[in-house]
Every structure is written in structure tokens, then in C-alpha cells.
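Reminder, nothing fancy here: chain letters follow the sequence lines and each chain counts from 1. Everything numeric in this text was worked out from a predicted model, so none of it was measured.
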There are 2 protein chains.
Amino acid sequence: MSHSGFAPHDHSHCIADTMAAAEAHCAREKLQFTKVRRRVLEILLSEHKALGAYQILEKLGAEGLGSQPPVAYRALDFLGRIGFVHKIEKLNAYVACSQPGDAHAPAFMICRLCDSVAEAAESPNDGSLAHAAQTAGFTIEKTVVEAEGVCPDCRTRG
Amino acid sequence: MSHSGFAPHDHSHCIADTMAAAEAHCAREKLQFTKVRRRVLEILLSEHKALGAYQILEKLGAEGLGSQPPVAYRALDFLGRIGFVHKIEKLNAYVACSQPGDAHAPAFMICRLCDSVAEAAESPNDGSLAHAAQTAGFTIEKTVVEAEGVCPDCRTRG
DNA sequence: CAGAAAGTGTTATATCATAACAAACGAGTT
DNA sequence: AACTCGTTTGTTATGATATAACACTTTCTG
């Protein structure tokens with residue numbers, strides 16, 4: 001995954017790549033990459049933005065793949081645990097990971113105008129938060145880093 | 001506010017200080033620091049942790065200050081707008097600000113064992129996120145920075 | 001004081017998420 | 001192929017978080 005954030009790119013290519021990576025990951029780890037899980041990841045990849053669980057569920061339902069909330073939440077939970085999907089806490093919504101496989105502390109830029117979401121790699125062990133944690137004696141296990149603002153496209157347009 | 005994060009401190013003093021600061025702020029800005037708003041801030045200050053809106057509402061209700069969700073949400077919204085309360089997105093919960101008045105991009109350390117929350121000041125304009133945003137041409141308006149982990153007290157105890 | 005603005009009380013409902021249990025499926029074994 | 005254990009899915013029900021809308025009251029302002 002080399003394209004950055006909001007830059008235009010061949011999206012069908014990046015969908016295929018990530019699907020293949022997920023396939024490979026599950027094979028390696030002996031995890032089941034089932035129809036529902038596969039489809040949820042595809043849906044998230046084909047949108048370039050965060051989707052709510054119920055939006056995903058609606059699409060699944062239209063295809064006969066389950067219509068009750070737990071179906072979507074379980075798939076999202078699975079994809080989150082294997083690192084191919086992240087939750088955007090600010091939006092209560094979910095996005096496909098753009099650096100799957102890498103161990104990374106994800107950081108997100110969320111456009112409040114078009115709802116697109118770009119992921120930036122954060123190094124977990126620098127920055128003022130890490131410094132403050134060290135000073136306070138706090139052990140960081142997970143981080144949520146999200147910036148809300150305006151993406152370059154929307155800025156240009158308006 | 002000089003004590004840092006998880007360090008012990010004279011809490012009644014810091015409650016009084018912040019209440020006075022809120023009082024003064026509202027007077028300056030000609031905003032109404034009403035009974036409900038005052039009480040919500042007091043409740044949040046007297047706990048040193050994040051409370052859900054419904055937990056706050058329960059306490060309000062016990063005192064005859066309104067028992068329906070909008071009462072709590074409106075007070076939280078007001079206190080958030082004037083910068084005396086922050087929402088912890090990860091927990092869907094609210095904490096009193098420990099640097100009220102200062103313009104600051106808050107960052108939080110959340111102990112997953114005791115639920116205490118400490119606020120660290122982040123400088124919004126450095127760190128890898130700000131750098132990534134600049135590179136991408138993204139304009140940051142607000143940030144959510146939250147670290148989940150174990151606080152020094154819990155680490156020592158267990 | 002009168003009118004306007006802001007805040008509150010209340011009903012109803014939207015939105016996000018999980019518990020619990022039964023049925024179906026999948027991978028490995030006999 | 002049938003067996004069996006663990007995983008996944010389907011389904012019902014409910015819990016948890018949050019807001020819309022409107023009537024009423026309080027507070028501000030002229």
C-alpha cells in the first residue's frame with residue numbers, strides 16, 4: 001500500500017490487493033475467511049469512507065447474507081482482530097485498513113464534508129502523548145488518534 | 001491546574017478552583033451557568049473518571065434536577081462547548097477538563113482497570129499526525145487522542 | 001413591562017451494540 | 001461416509017447511547 005491518504009489511485013487494484021492479503025493472512029493463521037467476512041471487507045474497501053454497522057448490514061441483507069445486527073458486528077469484530085478493519089470512534093463507523101499486515105498504531109483524518117477517511121501511520125512511541133504517558137508512568141496498550149477537518153478535495157472545491 | 005495526571009492531589013481544592021473558573025468564564029461571556037449545568041460539572045469533577053450521560057442523569061434525577069436524557073446531554077453539550085468537559089469517544093463518556101480555559105488539543109490516558117482518566121496537553125501542531133495532515137493537504141479542525149492502558153496505581157497494585 | 005432568546009421538562013424515537021441460544025457448517029478423524 | 005468438536009451463522013430479544021420536536025418557564029434586553 002503505497003498511495004497516501006487522499007491522493008487518487010487505482011482503487012480496484014487496491015481492493016484486489018487487500019482482499020488477497022486477507023486471504024493469505026487467514027490461510028496462514030488457519031482462520032476462516034467466510035462469505036460474510038469476505039463481503040464485509042469488500043464493501044468497506046469499495047467505499048473509501050467509514051460505514052456504520054447498519055449500513056453494512058443493509059448491503060449484506062440485500063445480498064441474502066444475513067440481516068440481523070450480530071452478523072455485521074461479528075464480521076467487523078473478526079476483521080478488526082486480524083487488523084484489516086479499524087473502528088473510527090468519533091463516527092461509530094468502520095473503515096478498511098490501508099496498511100494491513102503491518103503492526104501499526106493507526107491515525108485517521110476524517111473529512112467532515114465528504115466523510116472520506118484517510119489513514120496515516122503513527123509511530124506509537126513518540127509524540128507528546130507517549131511522552132506524557134512515560135512521565136505519568138502510564139502504560140499505553142492501544143491508541144485512538146483521529147483528526148476531523150477538511151480533505152484537500154473538499155478544500156479545493158469549496 | 002498544576003498537578004499532573006494520576007498524581008495524588010487535593011481534590012476538593014481542584015473542584016472549587018474549576019467551579020470558580022467556570023463561574024467566571026460564564027460571567028465574562030454572558031452565558032448562563034444554571035443549576036443543572038453547575039451540578040453536572042460538579043458531578044464530573046468529584047469523580048475522577050469518565051461518566052456516561054445516563055450515570056450523570058441518574059445522579060441528577062436523585063436530586064430532582066431532571067430525569068430525561070436531553071437534560072444531561074444538553075448540559076454536557078454546553079460544558080463541552082465552553083471547554084470544561086471533554087467526551088472520551090472510546091468510552092462514550094464524559095470527563096471534566098483539567099486545563100479549562102486554555103486553548104488545548106486534549107489527549108487522554110484511560111486506565112482499563114480502574115477507569116480513571118488523565119488529561120495531557122497535546123500540542124496540536126506537531127507530532128506525526130500533524131505532519132501527515134500537512135503532507136496530505138488535510139486541514140485539521142479537531143482531534144481525538146486517547147490512549148488506553150494501565151495507570152501507575154493499578155500497575156503497582158497488580 | 002413586553003418581547004425575544006435561552007433553558008428546561010417531557011414524550012417519543014433514532015442509532016449503535018451485545019447477550020443468549022439454537023441451527024448449520026467446516027476441518028480433522030475414524 | 002459418519003462422527004465429533006469447535007467455529008460460524010441465524011434469530012430473538014434487549015441494552016446502551018443519543019437526538020428530534022414541542023410546550024412551558026426562566027432569563028435577558030430593550
Side-chain angles (χ1 to χ4, degrees), chain A residues 22-23 25-41 43-44 49-82 84-95 110 115 144 146, chain B residues 22-23 25-41 43-44 50-82 84-95 115 144 146:
Chain A
E23 198 94 52
H25 175 91
C26 290
R28 260 199 317 280
E29 305 287 328
K30 300 193 184 307
L31 299 171
Q32 300 179 40
F33 196 42
T34 64
K35 229 183 286 193
V36 176
R37 291 167 175 179
R38 175 187 311 273
R39 195 67 193 107
V40 169
L41 182 54
I43 288 168
L44 285 173
K49 53 180 204 172
L51 295 178
Y54 280 70
Q55 292 177 276
I56 294 167
L57 185 59
E58 209 175 323
K59 290 174 193 283
L60 287 179
E63 303 170 14
L65 279 175
S67 57
Q68 299 306 315
V71 174
Y73 282 105
R74 287 192 289 230
L76 289 168
D77 181 66
F78 173 82
L79 294 167
R81 277 186 283 117
I82 67 172
F84 282 75
V85 163
H86 297 297
K87 179 174 186 184
I88 308 296
E89 297 290 344
K90 178 80 188 203
L91 303 177
N92 293 320
Y94 304 82
V95 283
I110 306 161
D115 280 341
V144 174
E146 300 170 3
Chain B
E23 198 93 52
H25 176 90
C26 289
R28 258 199 319 279
E29 303 288 327
K30 300 193 186 306
L31 299 170
Q32 301 179 40
F33 196 42
T34 64
K35 227 184 287 195
V36 176
R37 291 167 176 179
R38 174 187 313 272
R39 194 69 193 107
V40 169
L41 183 53
I43 289 168
L44 285 173
L51 294 179
Y54 282 72
Q55 291 177 275
I56 294 167
L57 185 59
E58 211 175 322
K59 290 175 193 284
L60 288 179
E63 303 170 15
L65 277 173
S67 57
Q68 299 306 315
V71 174
Y73 282 105
R74 286 191 290 230
L76 289 168
D77 181 65
F78 172 83
L79 294 167
R81 276 184 285 117
I82 67 172
F84 282 75
V85 163
H86 298 297
K87 180 174 184 183
I88 308 295
E89 297 289 344
K90 178 80 189 205
L91 303 177
N92 294 319
Y94 304 83
V95 282
D115 280 341
V144 174
E146 300 169 3

Q) Hey, can you pull the residues of residues 26-35 of chain A with a non-hydrogen atom under 4.0 angstrom from DNA chain D? A)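 Heavy-atom contacts with DNA chain D come from A:Q32, A:T34.
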Q) Which residues within residues 65-78 of chain B lie with some heavy atom under 4.0 Å of an atom in DNA chain D? A) B:P69, B:P70, B:Y73, B:R74
Q) Got a sec, which residues hit ring pair (Phe, Tyr, Trp, His ring centres under 6.0 Å) with A:Y94, two or more places apart in sequence or on another chain? A) none
Q: For A:E63, enumerate each residue passing the side chain to side chain donor-acceptor pair (under 3.5 Å) test, keeping only those at least two apart in sequence or located in another chain.
A: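 Side chain to side chain donor-acceptor pair (under 3.5 Å) check on A:E63 returns A:R39.
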Q) Quick one: side chain to side chain donor-acceptor pair (under 3.5 Å) partners of B:R28, sequence neighbours excluded? A) none
Would you give the length of the straight line joining atom [atom1] of [X] to atom [atom2] of [Y], rounded to the nearest 0.5 angstrom?
X: A:L51; Y: A:L57; atom1: CG; atom2: CG; result: 12.0 Å
X: B:I82; Y: B:E29; atom1: CD1; atom2: CD; result: 9.0 Å
X: B:Q55; Y: B:L44; atom1: CD; atom2: CG; result: 10.0 Å
X: A:I43; Y: A:L65; atom1: CD1; atom2: CG; result: 8.0 Å
X: A:E146; Y: A:K87; atom1: CD; atom2: NZ; result: 9.5 Å

Show which side-chain atoms of residues 73-81 of chain A pair as donor or acceptor with protein atoms under 3.5 Å away, not counting sequence neighbours.
{"residue": "A:R74", "atom": "NE", "partner": "A:P70", "partner atom": "O", "Å": "3.4"}
{"residue": "A:D77", "atom": "OD2", "partner": "A:R81", "partner atom": "NE", "Å": "3.0"}
{"residue": "A:D77", "atom": "OD2", "partner": "A:R81", "partner atom": "NH2", "Å": "3.3"}

Those residues that, when tested against [X], pass side chain to side chain contact (heavy atoms under 4.5 Å, CB included) (two or more places apart):
X: B:Q32; answer: B:T34, B:R37
X: A:A50; answer: A:I88, A:L91, A:A93, A:V95, A:V117
X: A:E23; answer: A:F33, A:R38

Q: Extract, from 5' to 3' on DNA chain D, the first and final nucleotides lying under 4.0 angstrom from some heavy atom of chain B.
A: D:dT17 to D:dT27
Q. Between the axis at one end of the helix from C:dC1-D:dG30 to C:dT30-D:dA1 and the axis at the other (five pairs apiece), what's the angle to 10 degrees?
A. 30°
Q. Hey, does A:K90 have a side-chain heavy atom less than 4.5 Å from the side chain of A:I110?
A.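 Side chain of A:I110 against side chain of A:K90, heavy atoms only: contact under 4.5 Å found.
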Q: Please step through side-chain contact (heavy atoms from CB on, under 4.5 Å) for the pair A:V144 and B:E89, ending with a clear verdict.
A: CA-CA 9 Å; A:V144 174; B:E89 297 289 344; 5.7 Å; no
(Q) For A:K59, I'd like to know if atom NZ has over 12 heavy atoms of other residues, nucleotides or ligands within 6.0 Å. (A) no
Q: Give the first and the last nucleotide of DNA chain C, reading 5' to 3', that has any atom under 4.0 Å from a heavy atom of chain B.
A: C:dA6 to C:dT11
